[in-house]
Amino acid sequence: MRSLFGDHLLQRLQEDVEGTLHQRLFRCLREAIVARVLPPKTRLPASRDLAKEMQVSRNTVLSAYEQLQAEGYVEARIGQGTWVVEQLPETFLTTAYGKTAPIPATVPRKNLLSQRGSRVMGYAAASPHQWGAFVPGAPDVTEFPHHLFSRIQSRLSKDPDVSRLIYSNAGGCPELRAALADYLRVARSVNCDADQIIITEGIHQAIDLVSRALTDIGDHVWIEDPAYWGMRNILRVNGVHLHPLPVDKEGILPQENPNQPPKLIFVTPSHQYPLGSHLSLARRKTLLALARKHQSWIVEDDYDSEFRFSGQPYPALQGLEADAPVIYMGTFSKTIYPALRIGYLVVPKSLFSSLRTLAAELYRGGHLIEQKALAEFIQKGHYAAHIRRMRLLYGKRRQFLMDLIRRYLGDAFVHEYDEASGLHLVLKLPTGCDDVAIATNALAHGVKVRPLSQYYMHSHAHAQRGLLLGFACVNEKDMMMAFGALLQCLKEAGIQPQPAVH
Ligand SMILES: Cc1ncc(COP(=O)(O)O)c(C=O)c1O
């Protein structure tokens, strides 16, 4: 039978569904401590007992306990278990609950994070599993022509130009900015010159720069729901007020509130992340009109649109109208490899000088030899050739996975927004099923999938259930093995395959 505390925790856990299971458990336990359901100097249940009561793995409980300890809410006493500390960390008490507590002189400060730091810790979602079946969004990094790229890089490194060894405040390597402008105009219909491009350390840094430069704490920002968790966390740490807007087959559904016009509107028009639809022409025009009316900036995240497997890639929203109020972001993480950490912003001319200056102030800028090597790699045609080759390879892998799904599970498991593009697809699961538990079980069997419900900002009933399956970095043989294991996990969760009868 469950204890009273177990019942309380389970109820809270069901209400709070954002983030991984251990983050949710951490937040519920922290709340219980702050609300004194677990008063100071109380012993926490043994991790094994709590895991059994909550029906979660012991590792989930241990991770939540570790985070509570790191943030100063509990202390572990060797051989005696985990105890709520006598004096709680003051940051959480003074702000999140609206009460003021005296700052106790005895609180050990070394483990205490700022309120926004600990908030993001509570939502941290970057996985340690970044390679193998079915990591979403991972390109096949082994297929990149490393010999070509490293040849260019080592030539440039032998007798490097001084300008590539010192801080840059030019917005990145000029040759890369020029090569990108040529590429983006042709391949993505982006309206731009080199003097609108700022090189960043990936889209993550681009989001940070844009949100810090163009919003103040408490400003309203629209985001898609579901959306990329990384973007949400950067915006959270920068203190904006997030408004999650629903997404359907035509992309984001704007919902105007004249009292709270958005400063920024984050969208993935070419390939909605993670559901897969593209923003229809009518919605593109509505969104542009809305942004002009409210003097908002649309921030277009064009993270993987090079990979469309039937027909041409959709053109960027940025190029649809002259002087569109759009800031465009792109990355080499999907086309080359994520650890390269090179991405770019295309900003309207009116913003270029201030954003470039702020980028230099905040991040200084570097990696100029890699950037120059990349410029040569693009100019010599290697980049376009690599993308063409990967498009064919990923297209085949995607088809293979799609065939497995249709054959062994049935058409009902293919998400209706799927548009044959990108590096992952969404395996649709029945409403109400626990996709988090299925993903956890799959991981225990060596299969890395992400639950769709965790891409939603809140725990609504409308959060669709499913699994994100990355296919780009998995060969057909590994895909077969992993799919077999996943099928077993789905059956264990009581999900009935409905394959078509031929
Ligand atoms: C939608 C989306 N935007 C941005 C990124 C991150 O890009 P970068 O590696 O350039 O920071 C990702 C990473 O998976 C993503 O899925």
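Whatever order the structure lists ligands and atoms in, that order sets their numbers, starting from 1. Numbers here are sequence positions counted from 1.
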Report task. Give a yes-or-no answer on whether the side chains of S127 and R450 include a donor-acceptor pair shorter than 3.5 Å. Result -> no
Requested in this report: Verify the ring-centre separation between Y228 and F266: is it less than 6.0 angstrom?
Outcome: no
Report task. Please check if any side-chain donor atom of Y303 sits under 3.5 Å from a side-chain acceptor atom of H271, or the reverse. Result -> yes
Query raised in the report: Of all the non-hydrogen atoms in the protein, which one sits nearest to atom 7 (O) of ligand 1, and at what distance?
Result: I203 CB, 3.6 Å
**Report entry** Closest protein heavy atom (residue, atom, distance) for atom 6 (C) of ligand 1
**Finding:** H204 CD2, 3.7 Å
Query - Protein heavy atom at shortest distance from atom 3 (N) of ligand 1 - result: D301 OD2, 2.6 Å
**Report entry** For atom 13 (C) of ligand 1, the protein heavy atom that lies nearest, with its residue and separation
**Finding:** K334 NZ, 3.3 Å
Query raised in the report: Hey, are H22 and E66 close enough side-chain-wise for a donor-acceptor pair under 3.5 Å?
Result: no
Query raised in the report: Which ligand 1 atoms are under 4.0 Å away from a heavy-atom of R341?
Result: 8 (P), 9 (O), 11 (O)
Query raised in the report: By number and element, which atoms of ligand 1 are closer than 4.0 Å to a non-hydrogen atom of G202?
Result: 10 (O), 11 (O)
**Report entry** For atom 5 (C) of ligand 1, closest protein heavy-atom neighbour
**Finding:** Y228 CE2, 3.5 Å
Query - Aromatic centroids of H424 and F307 separated by under 6.0 Å - result: no
Report task. Tell me, yes or no, whether the heavy-atom count around K396 atom NZ, taken from other residues, nucleotides or ligands under 6.0 Å, exceeds 12. Result -> no
Query raised in the report: Does an N or O anywhere in E201 fall below 3.5 Å from an N or O of ligand 1?
Result: no
